[in-house]
S.K.: 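Dropping a structure here in structure tokens format, bear with me for questions.
Computed from a prediction, not measured in an experiment: that's the story for all the values here.
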Amino acid sequence: MSSSAATYGSSVLGYPRIGPRRELKRALEAYWHGRSTQAELVAVGRDLQEQTWSELAATGLTQVPGNTFSYYDHVLDNALLFGAVPTRFAPLKGELDELDFYFTMARGRPDFPPLELVRYIDSNYYYRQPELAESTPFALHAAALLDEFERAKARGIELRPVVLGPVSLLLLSKAGPDAAEGFSPLDLLDRLLPQYAALFELLAKAGATCIQLDEPMFTQDRTAEDLAALERAYQTLSHAPLRPRILVTGPYGNLGDALPILASTGIEAIGLDLVYGRVSPDELAKIPGLRRKRLYAGVVNGRNVWRADNMVTLKYLSQLTEVIPDLVVSTSCSLMHVPCDVLAEWDLDGDVADRLAFAKQKVGEVVSLAKALTEGPSERWRKKPTSVHFKQKHDVRARVNAIRPEQRVRAPYEERRDAQQARLNLPLVPATTLGSFPQTDEIRKVRYELGRGRIEYPDYVKRIQEEIERTIRLQEDIGLDVLVHGEHERNDMIQYFAELMDGFAFTHNGWVQAYGSRCVRPPILFGDVRRRGPMTVEWIGFAQSLTDKPVKAMLTGPVTMLSRSFVRQDQPLHETADQLALAVRDEIADLEKAGVAIIQVDEPAIRELLPLRAGGRSEYLGWAVDAFKLATGGAKPETQIHTHLAYTSRIEVVDAIERMDCDVTAIVATRSIDWVLDALKERKLTHGVGPGVYESRSARIPDIDELDELLTEAAESVDLDRLWANPDGGLKTRHYWQLEPSLRNLVAAARRLRRRAAQQA
């Protein structure tokens, strides 16, 4: 190992903030629903903050991050730290107190749509996107950050405050509705930097010795203008007259061209993601100025749950110390993307559990690696289980190896479209939803009681069927043209299917935050995947028996299953994707045998695995599209295949949508719909399209005129027999009092469009 007598530090870049038992989720929802007071909510938040500091300090970390807690979203927190309030929310400032104002920006209300919900880098977390304009005033509001620092200091713990770096904060924002044409948030950099300098001064006077500035936007391809802004920012901030040491981190990948720029500035430390952005020590040695910085070596994976390979990681760290002597062992990113504690899982198979590390265990790995780097590894430490090698299912692997190119190809689209219309006889601009309906407390309780063995399966089926019938009758009354069964039997679009396949393990408390109070429990994909039997036929078949209108079956696609699980690392992702695709293919065949005419294979996450840098995108999209086509390639021409994708303006993803050869593609695009309309105008999307015109994650109820305007604009660029009217996502998180009027307005807008088309014919 390292030949020096140096002592190496240990730290993490952030920690889960929802609590080990989702204490924050429960406190938030109790407050939002009027069951508790704001004081009670704040008390829970303070307790979670203090538990985190104390636990991290007790592990032996040499540095403890602070300002990582959030009541909803850390990006919004950082925007408000510097006073960046969108103009459209300004009228509420005198009406609401600070916390309720914050929640209104995040959650909206009927007269104030929330900030847009956008995926954070390439993680499974979503943030509320700040809106900026030329007139946006910046003013430092650091009271909460300083209060946390002082409370920790009173306990003998010095925090390293974590703040979004100025350039990433601006790049994560968008031009607000009041911004002038051509405005870019980056135009505000020179006005924002003095507020960072003012924050530095306050922290230095409070006794802070280091501040962490995260610049995640530079682990993806950036323009020369962006890189110049980064250099200007840190040349300026490193010369602030009174400040702590500055640590700039690049989580979520390789900093690329940004690394030599940061190394040339006067900042003291740089944090690198050395899991997803691994670079060799020799490459780092060639970067001028880097040797003089402190390097936070992010060698422990903050985004997956497998243990680090101890000896391989230690060898790499030892090589790093030869070129950069001042080294701190760290995580690749914040640990907010993994569950809290694997020891809370009492019934995981031992072969799986022994190879897992959740947030608490990853902190232990960081401390252990730093100790081994300093003192050398003990014999016991060398023997800890690391790599994952589970028994293979030879029938699964044989089937994957036998896949033929023709299995990924359907009949020509024009032939399919005619066959489907003859079978379905749908009107112009059919109105539908994308799957899930609200999950009531009663339905959650029924599922819980079945899982605990408190009710018999026939009683469970009866209760779910009653809810399905209620959902079908409501949709018939609203006037939707294609119905769904509501997914009442499903706890989650991933976990439901994973529980019905071999190769997955599940947790009881493995929650991670998706956004706000929304938490998910990603399954752990550890082995070869095989469907045990039909997964949805029982419920879809029952729903279809209740109505003469077509009921759309809902399946989760292979890439989304892959993206939103903690995935095995012992084989290429494309092999695992094909295993999942074969399971979906078999389910489609069973649904067709049951007479189902429309099947939606959701792939909202196909954009999520897209490499941040252009180099790997073509290869990824190649196998991702191939997996989808393998899943759907066996469908008959008269079976209409739908999919549901997250929005993206990347041209390569628009091309991939076309290559997926789906009969109808619904796109999450309500708040960023322009690119969809542009793609339609340029004839880049030639199959059926549903440009989501109703934002499913907002409590706001859109009116008929608004929906009519969006559908009419889409109709200018696409034949009406290819246009669909739908929300931009599932409705699981909505209430019926929000959902019903919204869907009635959607149906009315679609009918308006049909009437105008009939009058013009």
Side-chain angles (χ1 to χ4, degrees), residues 24-42 45 70-77 79-80 83-118 126-133 136 141 173-174 176-178 433 436-441 513-519 668-673 692-707 709-710 727-746 749:
L24 180 61
K25 172 187 174 67
R26 294 188 178 91
L28 284 169
E29 293 177 357
Y31 177 63
W32 292 339
H33 298 150
R35 298 194 303 269
S36 71
T37 65
Q38 188 177 114
E40 290 171 317
L41 170 61
V42 170
S70 174
Y71 283 107
Y72 194 100
D73 167 47
H74 66 280
V75 178
L76 178 55
D77 293 350
L80 295 180
V85 175
T87 305
R88 64 187 179 92
F89 287 100
L92 293 174
K93 280 219 131 187
E95 176 185 334
L96 302 171
D97 65 29
E98 186 174 333
L99 192 57
D100 286 336
F101 179 74
Y102 169 79
F103 286 142
T104 302
M105 291 178 66
R107 304 179 69 231
R109 69 185 201 188
D111 51 343
F112 284 91
L115 296 173
E116 186 171 3
L117 193 64
V118 178
Y126 291 79
Y127 74 98
R128 290 293 176 181
Q129 189 170 37
E131 296 172 359
L132 303 175
T136 298
H141 298 275
S173 304
K174 71 174 183 179
D178 56 331
T433 74
S436 59
F437 265 58
Q439 298 244 331
T440 64
D441 291 339
Q513 183 183 30
Y515 62 91
S517 68
R518 170 75 170 145
C519 300
V668 178
T670 309
R671 304 286 292 281
S672 298
I673 200 169
V693 292
Y694 153 35
E695 187 177 9
S696 63
R697 288 175 173 173
S698 170
R700 181 171 171 271
I701 298 170
D703 63 35
I704 299 172
D705 291 339
E706 174 187 341
L707 297 171
E709 182 180 347
L710 290 170
D728 69 1
L731 303 171
K732 179 179 179 179
T733 61
R734 299 277 56 84
H735 299 285
Y736 278 100
W737 63 266
Q738 300 163 335
L739 168 153
E740 186 171 343
S742 298
L743 291 182
R744 290 190 187 279
N745 290 347
L746 179 71

S.K.: Kindly assign one of parallel, tilted or perpendicular to the pair F101 and F89, based on the angle between their ring planes and the thresholds 30° and 60°.
M.R.: perpendicular
S.K.: Parallel, tilted or perpendicular: which one describes the rings of F103 and W32, with boundaries at 30° and 60°?
M.R.: perpendicular
S.K.: Quick check: closest heavy atoms across P438 and H735, and the distance to 0.1 Å?
M.R.: CG-C, 4.2 Å
S.K.: Report yes if the side chains of H141 and E98 come closer than 4.5 Å at any heavy-atom pair, otherwise no.
M.R.: no
S.K.: Looking at N745 and L707, what are the two nearest heavy atoms and their distance?
M.R.: C-CD1, 3.7 Å
S.K.: What is the ring orientation for Y736 with F437, classed by angle as parallel under 30°, tilted 30 to 60°, or perpendicular over 60°?
M.R.: tilted
S.K.: Run R128 and E116 through side chain to side chain contact (heavy atoms under 4.5 Å, CB included) and show every step you take.
M.R.: CA-CA 5 Å; R128 290 293 176 181; E116 186 171 3; 5.8 Å; no
S.K.: What are the two closest non-hydrogen atoms of P114 and G108, and how far apart are they?
M.R.: CB-N, 3.5 Å
S.K.: Among R26, H33, K25, whose side chain to side chain donor-acceptor pair (under 3.5 Å) with E29 holds?
M.R.: K25
S.K.: Are any non-hydrogen side-chain atoms of Y102 and D77 less than 4.5 angstrom apart?
M.R.: yes
S.K.: Mind listing the closest non-hydrogen atom pair of P727 and L743 along with its distance?
M.R.: CG-CD2, 4.2 Å
S.K.: Do R107 and L28 come within less than 4.5 Å of each other through their side chains, counting heavy atoms only?
M.R.: no
S.K.: Locate the shortest heavy-atom distance separating P86 from L115; write the atom from each residue and the value.
M.R.: CG-CD2, 3.8 Å
S.K.: I'd like to know if the side chain of S436 reaches the main chain of L731, judged simply by a donor and an acceptor atom lying under 3.5 Å from each other, with no hydrogens or angles considered.
M.R.: yes
S.K.: Nearest 0.5 Å please: distance from the CZ atom of R744 over to the CD1 atom of I701.
M.R.: 12.0 Å
S.K.: Hey, does the side chain of R734 reach the backbone of L739 with a donor-acceptor pair shorter than 3.5 angstrom?
M.R.: no
S.K.: Give the C-alpha distance, both sets of side-chain angles, the deciding distance and a yes or no for side chain to side chain contact (heavy atoms under 4.5 Å, CB included) between Y71 and V42.
M.R.: CA-CA 9 Å; Y71 283 107; V42 170; 3.8 Å; yes
S.K.: Looking at G516, is its backbone amide N or carbonyl O close enough to the side chain of Q513 to form a donor-acceptor pair, meaning the two atoms are under 3.5 Å apart?
M.R.: yes
S.K.: Give the minimum heavy-atom separation between Q38 and Y31, together with the two atoms involved.
M.R.: NE2-OH, 3.1 Å
